[in-house]
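Working notes, beginning with the structure itself.
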Amino acid sequence: MKIIRLTAENVKRLVAVEITPTGNVVQITGRNGSGKTSVLDSIWWAIAGAGNIQEQPIRTGEAGARIELDLGEIIVTRTFKRTTDGEFTTAIIVANAEGARFPSPQRMLDDLLGSLSFDPLAFARMDAKAQFNELRRFVPGVDFDALEAENRADYEARAGFNRRLKEAKALEAGIVV
């Protein structure tokens, strides 16, 4: 999953921001209070469930906020509206690049996040074999059985060479000059 473009308006300290990453690393820098955390929160709030949104996501004095996160194959749009009692409501739309909407947007995003990440604490509690299997799903297309067969063949070749070397050393030791 790669962010193609992020647009956020009236989110926390942000008035408006548009980020279109070019390359693999994007630096978000600035003075304290300039909105760096607001940018990161915007990304998280676009894909995480409403339960992960802070108490005051809307910029002070504004009636609403909007986040649009283009992930290439899907575009996530989360909107916030301030209610009369000072609270807020949120809505999410997840559409593919052609504009077709997913009927259960948050479930689709949860499945996407689950397939791209794992719980580090749960991972640390797994035995070595379970950890290996968990990591395998991050490299689809790798034939681990073929790699294991190649490793076994290499091991057998080295073992045969070492046997012949030991035999040669034993023969050498038996030669009296």
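- Partners of Gln56 by side chain to side chain contact (heavy atoms under 4.5 Å, CB included), not counting sequence neighbours, listed by chain and number: Arg82.
- Counting only residues at least two apart or in different chains, salt bridge (Lys or Arg N to Asp or Glu O under 4.0 Å) contacts with residues 39-54 comprise Lys12-Asp41.
- Separation of atoms CG (Leu71) and CD1 (Ile3) is listed at 6.5 Å; rounding is to 0.5 Å.
- Residues passing the side chain to side chain contact (heavy atoms under 4.5 Å, CB included) test with Asn32 are Lys36, sequence neighbours excluded.
- Val17 has its side chain out of reach of Thr7: every pair of non-hydrogen atoms, C-beta onward, lies at least 4.5 Å apart.
- Looking at Phe80 and Ile53, their side chains come closer than 4.5 Å, going by heavy atoms from C-beta outward.
- Judged as a side chain to side chain donor-acceptor pair (under 3.5 Å), not a single pair has a partner in residues 120-129 (not counting sequence neighbours).
- Residue pairs satisfying the side chain to side chain donor-acceptor pair (under 3.5 Å) criterion with at least one member in residues 57-69, sequence neighbours excluded, are listed as follows: Arg5-Glu68, Arg66-Glu68.
- Side-chain contact between Phe123 and Glu134 is present, with at least one heavy-atom pair separated by less than 4.5 Å.
- Taken together through direct or relayed side-chain contacts under 4.5 Å among Ile, Leu, Val, Met, Phe, Trp and Tyr, Val11 and Ile28 form part of one hydrophobic cluster.
- For Arg107, the CZ atom is loosely surrounded, since the number of other residues' heavy atoms within 6.0 Å does not exceed 12.
- Trp44 and Ile4 fall into different hydrophobic clusters, where Ile, Leu, Val, Met, Phe, Trp and Tyr side chains are chained together by heavy-atom contacts under 4.5 Å.
- Between the CD1 atom in Ile92 and the CH2 atom in Trp45 there is a gap of 13.5 Å [rounded to 0.5 Å].
- Side-chain atoms of Val39 and Leu14, non-hydrogen and from C-beta on, do get closer than 4.5 Å to each other.
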Can you give each donor-acceptor pair under 3.5 Å made by side-chain atoms of residues 157-173, sequence neighbours left out, with the distance rounded to 0.1 Å?
unit_1, atom_1, unit_2, atom_2, d
Asn162, ND2, Arg158, O, 3.4
Arg164, NH1, Gly160, O, 3.3

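- The nearest pair of heavy atoms linking Val76 to Ala46 is CG1-O, 3.0 Å.
- Cluster note: Phe132 groups with Val139, Val142, Phe144, Leu147 through ILVMFWY side-chain heavy atoms spaced under 4.5 Å, whether in direct contact or through intervening members.
- The side chain to side chain contact (heavy atoms under 4.5 Å, CB included) check on Ala16 picks up Glu9, with sequence neighbours excluded.
- Considering only residues two or more places apart in sequence or on other chains, Asp85 meets the side chain to side chain donor-acceptor pair (under 3.5 Å) condition with Thr83.
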Under the criterion side-chain contact (heavy atoms from CB on, under 4.5 Å), I'd like the reasoning laid out for Lys2 against Asn24: C-alpha separation, chi angles, the key distance, then a yes or no. CA-CA 9 Å; Lys2 185 173 182 177; Asn24 293 325; 4.0 Å; yes
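- To the nearest 0.5 Å, atom CZ of residue Arg101 and atom CD1 of residue Ile75 are 11.5 Å apart.
- In this view, Asp70 satisfies the salt bridge (charged side-chain N to carboxylate O under 4.0 Å, His left out) rule with no residue, not counting sequence neighbours.
- In this structure, the side chains of Ile74 and Leu69 stay at 4.5 Å or more apart for every pair of heavy atoms.
- Annotation: the span from Ile43 atom CD1 to Ile19 atom CD1 amounts to 6.5 Å, rounded to 0.5 Å.
- The OG atom of Ser42 lies 11.5 Å from the CD1 atom of Ile47; values are rounded to the nearest 0.5 Å.
- A search for side chain to side chain donor-acceptor pair (under 3.5 Å) contacts involving Thr90 returns Arg78, not counting sequence neighbours.
- Between the side chain of Glu148 and the backbone N or O of Asp143, no donor-acceptor pair lies under 3.5 Å.
- Checked against side chain to side chain contact (heavy atoms under 4.5 Å, CB included), Val25 has no partners two or more places apart in sequence or in another chain.
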